[in-house]
Asker: 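Pasting in a structure now, in structure tokens, and then I'll have a few things to ask.
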Amino acid sequence: MSTPIDDATRATVRQLAKGGMSQRAIGRQLGIHHSTVARALRATDEPDAPTDEPQDAPPHEPDEPDTAPPPPTSGAPRTPRLIHDLPGWLIQDLNILTDPVTGRLDEPVARTIHTAAEQRRATWRANAERRASHPSHDTATAQ
């Protein structure tokens with residue numbers, strides 16, 4: 001039996017799929033099975049999608065010319081993406097901690113995660129600076 005999903009999750013699935021994310025990656029991120037993602041996408045296909053059947057009406061002439069989206073090098077900010085896959089339990093925990101209306105993490109939770117990330121970044125920077133200031137140490141340990 002299939003697992004039903006709500007309209008908000010279905011909208012998120014559509015948005016992530018339009019962004020180029022695979023069905024399996026969407027499933028991992030949302031904590032649902034990839035076949036549920038596929039069903040959600042099939043059920044929400046755009047009704048005005050092009051078909052091979054001939055149309056009776058002539059094509060619509062737009063009032064204004066279509067403009068293409070800006071190329072990735074246009075300076076538009078890019079959406080951050082995960083580098084590594086997260087375990088399903090962590091994705092489910094994060095989904096539970098988000099506000100169901102806004103989809104955002106509660107401020108104390110977001111602040112705690114950000115603080116932990118900043119501490120990790122500081123450690124990485126310190127290690128990189130230490131390696132840069134002592135390059136002979138790294139080559140000696142690599143041999």
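What's counted below: heavy atoms across the whole structure, side chains too, no hydrogens, waters or symmetry copies. Along the sequence shown, residues carry numbers from 1.
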Asker: By side-chain hydrogen bond (donor to acceptor under 3.5 Å, both in side chains), which residues pair with N127, not counting sequence neighbours?
Answerer: none
Asker: Hey, does the side chain of R28 reach the backbone of D85 with a donor-acceptor pair shorter than 3.5 angstrom?
Answerer: no
Asker: Does I113 reach the side chain of L105, with side-chain heavy atoms less than 4.5 Å apart?
Answerer: yes
Asker: Can you hop from W89 to L94 via hydrophobic side chains spaced under 4.5 Å?
Answerer: yes
Asker: Which pairs with one or both residues in residues 109-120 pass side chain to side chain donor-acceptor pair (under 3.5 Å), sequence neighbours excluded?
Answerer: E118-R121
Asker: Could you check whether any side-chain N or O of D99 sits under 3.5 Å from a backbone N or O of T102, counting only pairs where one atom can act as donor and the other as acceptor?
Answerer: yes
Asker: Among N95, L16, T12, whose side-chain contact (heavy atoms from CB on, under 4.5 Å) with Q29 holds?
Answerer: L16
Asker: What's the spacing between R14 CZ and K18 NZ if we round to 0.5 Å?
Answerer: 7.0 Å
Asker: Locate the shortest heavy-atom distance separating A40 from V13; write the atom from each residue and the value.
Answerer: CB-CG1, 4.3 Å
Asker: Evaluate R39 against S35 for side chain to side chain contact (heavy atoms under 4.5 Å, CB included), listing each step before the verdict.
Answerer: CA-CA 6 Å; R39 273 194 307 280; S35 65; 3.8 Å; yes
Asker: Under the side-chain contact (heavy atoms from CB on, under 4.5 Å) test against I91, which residue among I96, L30, L86, I32 passes?
Answerer: L86
Asker: Check step by step if side chain to side chain donor-acceptor pair (under 3.5 Å) holds for T9 and D6.
Answerer: CA-CA 5 Å; T9 304; D6 58 16; 2.5 Å; yes
Asker: Would you give the length of the straight line joining atom NE2 of H34 to atom CD of Q23, rounded to the nearest 0.5 angstrom?
Answerer: 8.5 Å
Asker: Atom CD1 in I26, atom CD in Q15: separation rounded to 0.5 Å?
Answerer: 10.0 Å
